[in-house]
Amino acid sequence: MTLFLENAWSPAPAPDGSWTVTLHNLGEEELANFTLSVTTITRIMPEHDIVGAKVLRRVANYHELAPPEGTRLKAGDTWRFSVSGLNRMPFHRNDAAKTAWITRADGTHLHIQVGDLIQHPDIPSLPPPRLPEGKLTLPFALMPWPNQIDAEAGEAPVILHAADGTSLADRRLMLSVDDLHTRLFPTARKLFQLGEAPGSRGLAFAEDAGLPTEGFRLDFAEQITLSASTEAGRRYGLIALAHMLHGAFNDPQFRFPLSGTIEDAPRYDWRGSHLDVSRHFWSFEEVKRVVDILGWYRMNIFHWHLTDDEGWRAEIRAYPQLTAEGAHRGYDSPGMLPQLGDGPEKAGGYYTQDQMRDLVAHASGLGIEVMPEIETPGHAACVLAALPFLVDPDETPNSYAPVQGYPNNSWNPGVPETFTVLETIIDELCEIFPARYFHIGGDEVAKNAWLESPKARILMQREGLSGTFELQSWFAGRVKKMLNARGKVMVGWNELSHGGGVEPEDTILMAWETPEVGIELARQGYDVIMTPGQAYYMDMVQGPDWLENGAGWAGPVPPEQTYQYEAEGDFPDDLRGHMRGIQSCIWCEHFTTTAWFNDLVFPRLPAIAEAAWTQKENKDWQRFAAQVRLHPTL
C-alpha cells in the first residue's frame, strides 16, 4: 500500500510557526480506524493548538496522532492537519517528520514514505560545494600534516620491506599498520612486507631517546630509517609512511619522498573522538571501524557514549534488565518508544562484556584509550524504564523535562539504591576499561529536576542544598569519590561545574556549549577538553542552506570552520596549561544510516585530527582540501 506524508512549515504564528502535515492515500484500499506515528526533532509541546488531529501521546521525538473521529481515507484521499506550539522553528529540510507509519485497529503497521520539509519556493537545487579544489604545497598525501618536513619527491617504491636486523616487535608493528590499511581500504595495494622484493625499498628502525613520547623522525635515503623513543612513535611513523604510499598508489598528484626528513610530534596529548551509540545503535563491527579510522588519523582517545535516554548499550551482569528492557525501542515497548528515525519494529542492541573487552584490545593495538561514558544524572530514561525501583514513587509524574523532552529522566539522588546500582555498574565497567578516564556525563539536567520528589527534598534539607544544580553537584561528588577510589579520573560535560561544582583536582570537563565556557572552566581551575558545538560537533549541518543534512542548534559548521578553529586561541597564556586537547563529538540523533554518517562526519573528522596534531602555523586549508578526498569512510 502506497502512503506518502508531506511536511510544510510556515513562520506564523510567532515565535516558532506552524507545521502542516498531509497524508496521501495512494493505495487501493480505504483507511479507517487508524493512528499516525511520526518521529521528528521539531516536537509538539504540551501546550499547543492543533487543527484536524489529536495528539494521543508524545515522548521526546515520538508522536502518535489520531484523525478526527470517523475519518475514512479512500484511495486518492488526503488527511491534513496543522499544529502550532512547537519546541522551536525548524532549521533544515530534515527537521520535520523523519519516519512515519500507520497503525490499524488490529495492531498492524503500514510504512509511510516521507518527504522533506518544505519552507519556501526559492530553494536552490544544490547546496554549495563543501570543499575547494585545494592546492598542494608538497606532493605528499599525509594527514595530519607534519610539523617539520624537508623532503624531495620521487617515485614510490612497489612496497616497503623490513631491513635486515629488524626486531620481531617492529616487524609485528609493520604488519599491524599494513592490516589497518587493508581493513580501511580492502581493495588497495599492500604497503609493507617482511622480505625484500623487486622494486621494494628497505625500512630500518632506530631508537632515539631524545624524541617526544609520541614523536618520530623519518630519514629518507636508499634505505628509510624510522627513529622514535617509544612504540607509539614508531607506530605513528609507520602510519605516516602508509598515508604517503596509499596516496602515491591511488592518485597521480601524490609522490613519495626520495630524500630528506620528516620530524614530527603531536600538538596536543588529548586527540579524541566521541561516538554516540545510544540514539542510533551501531554494530560492533561498525564501532571497530570507527576506531580504525581514528587510528589512521593518529587520534588517541575513543570516547564511547554507551548510554543516553534512548538506550543502554553496555552489558551489566548484575542488572540484566538494563539491556533486556533498556536497549531496544519499539511501538509496543511503552517504556522505550521509537525515536528519531525509528519505525514501529523493535530495534536496538547492546555490546556484551566480551565485545567491550575486544574493542579495548583492538584500540590498544592502535595506541587508543577507550573511555566509557555512563550518563548521570540526566539522560537516564532508559535506566528508569529498566529499573523502576530507582524512581521515587511519590514524585509528581511529568514534573520536569530537559530540552530533549523526556519526562522525569534523571537518576534520583534521594533514592538510596541509586548509588548502589551506580557503584555496581562502575565496578563492572572498571574491570573492562583500563583507561585512566571515566566519563559520567552531567549535561542537560532540567533546571527543576527532582523538586517534586519527596525523597530528593529530604536529602536537600539534610545536606543543606538549594535547587537542582546544587543537588546535581552533590551527586557528582558522590560519583567522583567512587571513581577516585578505583584510580580513575572523572570526566564530564561542562555542566558539572554548576551548583558549586566538583573539585577540579582529578576532574576533566568538556566544553561543548560555547568556546567561552572552556575558558571560564579553566579560570575555575579545571583541566578542559575543547569540543564546542560551533566547530567540533559532527551532527551539525555543514552549511546554512535549507537542503543541508544535520542539526542546527549551534549554527552551520562548514568543514573550513572546523579546520580553521583554534581551540586555544582565546585562552590567556596563564590558563593554557589547563587546555588538555580537543575532541570531535559524533552525536547520532540524525544518523539513521551509514550514508548519513559519512555525509556529516567527513571531511570534518580529519580536519579535527589535523587540528589536534598540527601546529597552527603549519595548517593550510587549501592543502588539506586537496588531500582529504583520500579519507576512508564507515
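The chain is numbered in sequence order, starting from 1.
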Side-chain polar contacts of residues 314-322 - donor-acceptor pairs under 3.5 angstrom, sequence neighbours left out - could you list them?
{"unit_1": "E315", "atom_1": "OE1", "unit_2": "Q353", "atom_2": "N", "d": "2.8"}

Are a donor atom and an acceptor atom from the side chains of [X] and [Y] found within less than 3.5 Å of each other?
X: W19; Y: N7; result: yes
X: D276; Y: S278; result: no
X: E64; Y: T35; result: yes
X: D309; Y: N409; result: yes
X: E444; Y: H379; result: yes
X: W493; Y: E373; result: yes

Legend entry - From CA spacing to verdict: ring pair (Phe, Tyr, Trp, His ring centres under 6.0 Å), W587, H305: CA-CA 9 Å; W587 295 103; H305 187 86; 4.7 Å; yes

Taking only distance into account, with no hydrogens and no angle test, what donor-acceptor pairs under 3.5 Å do side-chain atoms of residues 355-364 form with protein atoms, sequence neighbours excluded?
{"unit_1": "Q355", "atom_1": "OE1", "unit_2": "T352", "atom_2": "N", "d": "3.0"}
{"unit_1": "H362", "atom_1": "NE2", "unit_2": "D292", "atom_2": "OD1", "d": "2.8"}

For [X] and [Y], indicate whether the former's side chain and the latter's backbone hold a donor-acceptor pair under 3.5 Å.
X: T531; Y: M510; result: no
X: K346; Y: D332; result: no
X: D599; Y: N549; result: no
X: T396; Y: S399; result: no
X: W79; Y: G52; result: yes
X: R478; Y: F419; result: no
X: N598; Y: L634; result: yes
X: D443; Y: E495; result: no
X: S37; Y: W101; result: no
X: R436; Y: M371; result: no

Legend entry - F433: ring pair (Phe, Tyr, Trp, His ring centres under 6.0 Å) partners, not counting sequence neighbours: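 Not a single residue meets the ring pair (Phe, Tyr, Trp, His ring centres under 6.0 Å) criterion with F433.
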
Legend entry - Any residue meeting ring pair (Phe, Tyr, Trp, His ring centres under 6.0 Å) with H63, in chain and number order, not counting sequence neighbours: none

Thinking salt bridges, do [X] and [Y] make one under a 4.0 Å N-O criterion?
X: R486; Y: E423; value: yes
X: R279; Y: D308; value: yes
X: R523; Y: E520; value: yes
X: R580; Y: D527; value: yes

Inset, instruction - Begin from the C-alpha positions of H280 and W596 and carry the test ring pair (Phe, Tyr, Trp, His ring centres under 6.0 Å) through to its verdict. - result: CA-CA 11 Å; H280 179 82; W596 272 76; over 10 Å; no

Inset, instruction - Show your reasoning for whether side-chain contact (heavy atoms from CB on, under 4.5 Å) applies to V415 and F389. - result: CA-CA 9 Å; V415 176; F389 64 86; over 6 Å; no

Taking all heavy atoms of [X] and all of [Y], pick out the closest pair and write down the distance.
X: H303; Y: Q583; answer: ND1-NE2, 3.0 Å
X: L31; Y: L3; answer: CD1-CD2, 3.8 Å
X: E503; Y: K480; answer: O-NZ, 2.8 Å
X: M530; Y: A567; answer: CB-CB, 3.8 Å
X: E470; Y: G464; answer: OE1-O, 4.2 Å
X: I586; Y: C588; answer: O-SG, 3.6 Å

Legend entry - Quiz item: cation-pi between K481 and W474, 6.0 Å / 45°: no

Inset, instruction - Cation-pi check, R57 to Y331: give yes when NZ or CZ is under 6.0 Å from the six-membered ring centre and within 45° of the ring axis, no otherwise. - result: yes

Legend entry - Residue list, salt bridge (charged side-chain N to carboxylate O under 4.0 Å, His left out) with D95, at least two apart or on another chain: R88

Legend entry - For E513, salt bridge (charged side-chain N to carboxylate O under 4.0 Å, His left out) partners two or more places apart: none

So with a 6.0 Å cut-off around [atom1] of [X], is the heavy-atom count from everything else above 12?
X: N448; atom1: CG; answer: yes
X: N33; atom1: CG; answer: no
X: E463; atom1: CD; answer: yes
X: E505; atom1: CD; answer: no

Which distance, rounded to the nearest 0.5 Å, do you find between the [atom1] of [X] and the [atom2] of [Y]?
X: S18; Y: L86; atom1: OG; atom2: CG; result: 7.5 Å
X: L65; Y: I44; atom1: CG; atom2: CD1; result: 5.0 Å
X: L471; Y: T468; atom1: CG; atom2: OG1; result: 7.0 Å
X: F438; Y: L483; atom1: CZ; atom2: CG; result: 6.0 Å
X: T39; Y: L340; atom1: OG1; atom2: CG; result: 5.0 Å
X: H48; Y: N87; atom1: NE2; atom2: CG; result: 13.0 Å

Legend entry - Residue of the set Y351, F591, Y350, W312 for which ring pair (Phe, Tyr, Trp, His ring centres under 6.0 Å) holds with F281: Y351

Inset, instruction - State which residue, out of T420, T424, T418, fulfils the side-chain contact (heavy atoms from CB on, under 4.5 Å) condition with L422. - result: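 Output: one option passes, namely T418.
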
Legend entry - Passing option when Y406 is tested against V59, N61, L384 for side-chain contact (heavy atoms from CB on, under 4.5 Å):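 Among V59, N61, L384, the one meeting side-chain contact (heavy atoms from CB on, under 4.5 Å) with Y406 is V59.
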
Inset, instruction - Please examine the side chains of L5 and L36, heavy atoms only from C-beta on, and report whether any two atoms are closer than 4.5 Å. - result: yes

Legend entry - Mutual orientation of the aromatic rings belonging to W282 and F597 [parallel < 30°, tilted 30-60°, perpendicular > 60°]: perpendicular

